Amino acid sequence: MGVRRLLFLVLIISLALFAVVYAVMMWLNNRSRRNRLELLSDPTRPKDELMLRKRWQQFLQTAYIVGCSVPLLSAYIRKVRKRVSGVHAYEEFYLRHEVMKVTLSILGTLGISVAVLFLLNPSLSFLLLVLLTAVVINSLLIDMVVNRLERRLLVQMLDLFSDIRHRYHQHGMVDEALQEAAESTDDEAGLHTRKIAEALISNNPSEELEKYYEAAPNRFLKAFAGISYMIMEFGDKVKEQGSIYLQGLSGLTKEIHLEILRRSKLDYLLKGLNVIALVPLFFTKPIERWARSSFPAMDEFYMSKLGYAAKILIYIVIILSFVLLQKLQQNDETTYRAGRNSRPWEKAISRVPLFRVMAAWAAPHPGSADYSKVVRLMKETGTELTYEWFYIRRVVYSLIVFAVTLTMTLYLHQMSRHHIMYDPVVQDSFFGQTTITQQEEGKRLSSRDLEVMRRVNMSPEATYAEIAEQLQQADSKGLGKDELVDSANRVLGKLQAYHNEYFKWWELVLCLFAGMLGYEWPFWLLLFQRKLRYMDMRHEVYQYQTVISMLREMDRISVEEILEWMDRFAVIFKIQIQKCLIHYDHGGEMALQQLKEEVRFTEFQRIVDKLLLSVEKIPISQAFDDLEGEMSFYFEQRKQDYERIIDTKAGLGRLIGFAPMYSLIFIYLVIPLIAMSFMQMNIYYEQIQKI
């Protein structure tokens with residue numbers, strides 16, 4: 001089977017499998033939503049269909065229980081469950097059903113694809129490459145499923161808010177409107193509404209809502225729950241613009257529309273780039289085969305250290321491009337949760353005295369400028385690591401990168417020695433394919449050269465005369481003068497190249513430089529995360545403004561109560577606000593001033609300034625009299641920010657997505673081909689001069 005037919009077959013099979021799996025998943029989702037109530041309410045439903053669906057559900061439940069008992073599979077199921085349960089408020093039975101449906105779909109697709117590709121190319125190295133690709137694609141498929149569920153939830157929330165507005169006009173009561181709206185629908189938004197309604201009518205609604213805030217899949221549902229509770233506690237007021245509660249719902253609806261448009265446009269602009277970035281993984285071997293069959297001189301490049309280094313570089317570019325594309329396409333809310341408990345691996349490693357000593361030696365001392373810079377960066381990014389654990393992470397990353405680079409360097413030297421000893425002698429031919437006779441002759445010459453090299457004990461001090469004598473003895477037919485000269489020079493070159501394959505000082509410097517990059521990587525990652533968190537900060541400040549716009553109209557509202565409500569919605573600024581609340585009894589102005597100094601974010605500091613004015617000088621309603629105008633300005637500003645960010649992400653996405661393809665073509669084919677052609681021209685020129 002030719003390379004072109006093989007690639008075409010792989011493409012057709014992959015597209016067919018993807019289409020089948022996607023169609024099955026869509027059909028199952030639509031059927032499950034449409035028939036969940038019909039299964040219970042329609043007695044005329046055929047018994048065979050009921051039994052089939054019941055058996056399918058029993059199979060998924062059994063598969064979930066069995067899968068959780070398998071070591072590796074249980075970890076994967078827990079990962080899928082965490083992602084799916086973070087989006088929807090499923091009941092346990094339905095949650096297990098959805099988790100196993102997603103798990104079986106993804107693992108089935110990847111398993112069939114890996115099996116088909118391995119049957120087409122039964123090679124161990126190719127199998128490892130395909131498995132690595134499957135691991136990378138797995139995260140992509142999970143993100144696709146979760147993103148689709150998140151977008152569907154946002155669309156459902158629009159219909160839900162419209163229904164709640166209608167029912168609130170009828171009853172004028174928040175809990176009645178939420179309960180009736182939840183009972184009228186059975187989708188995911190209805191399940192969340194039912195949970196919010198149950199929390200509002202519970203004995204301790206504040207505590208129940210705190211639990212819901214921790215599990216809410218997006219900030220819109222969290223704000224909706226908080227606004228509903230606020231109206232139930234303080235009551236609604238009708239201003240010139242209308243009801244405060246309905247104004248809050250209108251603001252959330254605008255935010256959801258903006259989020260849906262942003263996601264849709266971003267998905268459209270970045271569609272297919274993940275596949276384009278992964279395609280070169282399957283084309284390295286075909287390109288290498290074509291180049292080696294069409295240009296025999298390319299064997300020297302592909303079998304050399306430089307060729308293997310180029311292949312490793314291409315794989316690194318592919319993996320980095322895929323990871324960066326996933327980061328660009330992420331639509332997650334901030335994953336930071338203030339004060340959550342965790343057990344990072346750095347904590348376990350910190351018990352080893354050697355790592356503690358190394359981290360203490362590498363870390364800046366308290367009181368220095370570098371120490372203050374790192375501590376401030378860790379606070380702004382909200383990392384859970386302590387200062388010591390952070391430098392343990394940097395030391396461990398540095399050691400790992402240094403060890404991997406050193407191992408690869410030593411392996412390349414050993415591999416080059418093996419190629420020098422055992423590779424067939426390349427004929428002086430640049431174009432066309434080598435014939436079977438030429439291949440056999442190259443193997444014969446390589447075996448004779450190896451025998452001669454061993455007779456001289458692989459000594460780098462072997463002379464031309466010694467090698468020529470051994471060549472005469474190794475070849476029973478005798479060698480001509482020209483053939484003897486060429487063979488002796490070739491063996492001398494092999495001996496020199498063999499002994500030149502040792503670990504050099506500049507390679508040690510290269511490994512140390514790679515270790516330094518590994519050491520700096522966690523710090524650069526924190527800088528990148530701080531930049532990304534600015535948008536999350538703006539989202540949170542906008543939620544504060546929404547809450548304050550409603551609270552400022554309430555009678556007998558105080559600054560401390562506003563801070564308490566801000567604390568309920570806080571994620572990024574939660575620790576700072578809680579510290580301010582603790583110190584508020586000892587002096588409101590001092591506590592607010594300390595809060596302003598700790599949070600270096602302009603929009604948040606403006607809110608704190610107005611709260612400072614409201615402590616003793618002016619009423620809260622006057623301090624925030626321009627809040628509607630600011631909220632309108634911030635909304636338009638965020639629209640422009642979204643457009644600019646989307647354009648930037650689209651440009652970066654195209655650049656990153658096509659980078660592996662460009663690397664494969666130029667690094668692995670074009671540049672080596674040009675270099676080998678110049679080297680071959682020099683050989684031909686030397687041969688012409690000898691004529």
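Only a predicted model underlies this, so the values are computations on that prediction, with no experimental measurement involved.
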(Q) What's the separation between atom OH in Tyr519 and atom CG in Leu399, rounded to the nearest 0.5 Å? (A) 11.0 Å
Q) Atom CG of Leu669 and atom CD of Glu288: how far apart are they, to the nearest 0.5 Å? A) 11.0 Å
Q: Verify the neighbour count for atom OH of Tyr464: are there more than 12 heavy atoms of other residues, nucleotides or ligands below 6.0 Å?
A: yes
(Q) Looking at every non-hydrogen atom in both residues, tell me the closest pair between Ala468 and Leu484 and how far apart they are. (A) O-CD1, 3.9 Å
Q) Would Ile667 and Leu313 count as a side-chain contact (heavy atoms from CB on, under 4.5 Å) if you check the C-alpha gap in whole Å, the side-chain angles of each, and the deciding distance to 0.1 Å? A) CA-CA 9 Å; Ile667 297 178; Leu313 178 61; 3.9 Å; yes
**Q.** Set of ring pair (Phe, Tyr, Trp, His ring centres under 6.0 Å) partners for His499, sequence neighbours left out
**A.** none
Q) Can you check whether Tyr411's main-chain N or O pairs, donor with acceptor, with Gln414's side chain at less than 3.5 Å? A) no
Q: Would you mind reporting whether Arg490 and Leu445 have side-chain heavy atoms less than 4.5 Å apart?
A: yes
**Q.** For Pro660 against Ile318, the heavy-atom pair lying closest together
**A.** CB-CG1, 3.6 Å
Q) Can you name the nearest heavy-atom pair linking Leu495 to Ala462, along with the distance? A) CD1-CB, 4.2 Å
Q) Is Lys373 atom NZ crowded by more than 12 heavy atoms from other residues, nucleotides or ligands, each under 6.0 Å away? A) no
**Q.** 4.5 Å side-chain heavy-atom contact, Arg417 and Met458
**A.** no
Q | For Ile314 against Ser663, the heavy-atom pair lying closest together | A | CD1-O, 4.0 Å
Q) Atom CG of Asp647 and atom CG of Leu269: how far apart are they, to the nearest 0.5 Å? A) 7.5 Å
Q | Side-chain (Asn500) to main-chain (Gln496) donor-acceptor, under 3.5 angstrom | A | no
Q) Taking the side chain as C-beta and beyond, is there a heavy-atom pair between Lys494 and Tyr498 under 4.5 Å? A) no
Q: Count the heavy atoms of every other residue, nucleotide or ligand shown that sit under 6.0 Å from CZ of Phe658, and state whether that count exceeds 12.
A: no
Q: Tell me, yes or no, whether the heavy-atom count around Arg444 atom CZ, taken from other residues, nucleotides or ligands under 6.0 Å, exceeds 12.
A: yes
Q | Student check: side-chain heavy atoms of Val395 and Trp361 closer than 4.5 Å | A | no
Q. Going from CD on Gln470 to CZ on Arg455, what distance comes out if it is rounded to the nearest 0.5 angstrom?
A. 5.5 Å
(Q) Measuring only between side-chain heavy atoms, which start at C-beta, is Ile142 closer than 4.5 Å to Ile106? (A) yes
Q. Quick check: does any side chain N or O of Thr103 sit under 3.5 Å from a backbone N or O of Ile77, one acting as donor and the other as acceptor?
A. no
Q: Test Leu673 against Phe301 for side-chain contact (heavy atoms from CB on, under 4.5 Å), laying out the working first.
A: CA-CA 9 Å; Leu673 193 61; Phe301 170 75; over 6 Å; no
Q. Does the side-chain contact (heavy atoms from CB on, under 4.5 Å) test come out yes or no for Ile392 and Tyr397, once each step is laid out?
A. CA-CA 9 Å; Ile392 286 177; Tyr397 279 16; over 6 Å; no
(Q) Less than 4.0 angstrom from a charged side-chain N to a carboxylate O is my criterion; do Glu520 and Arg394 meet it? (A) yes
Q: Heavy atoms only: give me the nearest Arg654-Leu273 pair and the separation to one decimal.
A: N-CD1, 3.8 Å
Q) Is there a salt bridge (charged side-chain N to carboxylate O under 4.0 Å, His left out) between Glu150 and Arg263 once you walk through the steps? A) CA-CA 10 Å; Glu150 287 178 345; Arg263 291 187 180 220; 2.9 Å; yes
Q.
Would you say that more than 12 heavy atoms from the other residues, nucleotides or ligands in this model lie under 6.0 Å from the CH2 of Trp524, or not?
A. yes
Q.
Checking Glu643 now: which residues fulfil salt bridge (Lys or Arg N to Asp or Glu O under 4.0 Å) with it, not counting sequence neighbours?
A. none
Q: Check whether any side-chain heavy atom of Thr405 sits under 4.5 Å from a side-chain heavy atom of Phe513, and report yes or no.
A: no
Q: Using salt bridge (Lys or Arg N to Asp or Glu O under 4.0 Å) as the criterion, list what pairs up with Glu501, not counting sequence neighbours.
A: Lys305
Q: Starting at CZ of Phe402, measure out to CG of Leu510 and round the result to the nearest 0.5 Å.
A: 10.5 Å
Q: Could you walk me through whether Trp389 and Ile349 pass side-chain contact (heavy atoms from CB on, under 4.5 Å), step by step?
A: CA-CA 9 Å; Trp389 294 352; Ile349 295 180; over 6 Å; no
Q: Please report the closest heavy-atom contact between Tyr668 and Lys311, naming both atoms and the distance.
A: OH-CE, 2.9 Å
Q) Just how far is it from atom CG of Leu406 to atom SG of Cys511, taken to the nearest 0.5 Å? A) 5.0 Å
Q) Between Glu259 and Arg262, does a salt bridge (charged side-chain N to carboxylate O under 4.0 Å, His left out) hold up when you go through it step by step? A) CA-CA 5 Å; Glu259 181 69 14; Arg262 182 184 72 86; 2.7 Å; yes
**Q.** Contact check, side chains of Leu664 and Val317, non-hydrogen atoms, under 4.5 Å
**A.** no
Q. Quick one: are the ring centres of Tyr308 and Tyr302 less than 6.0 Å apart?
A. no
Q.
Are the side chains of Leu526 and Val374 in contact, using a 4.5 Å heavy-atom criterion?
A. no
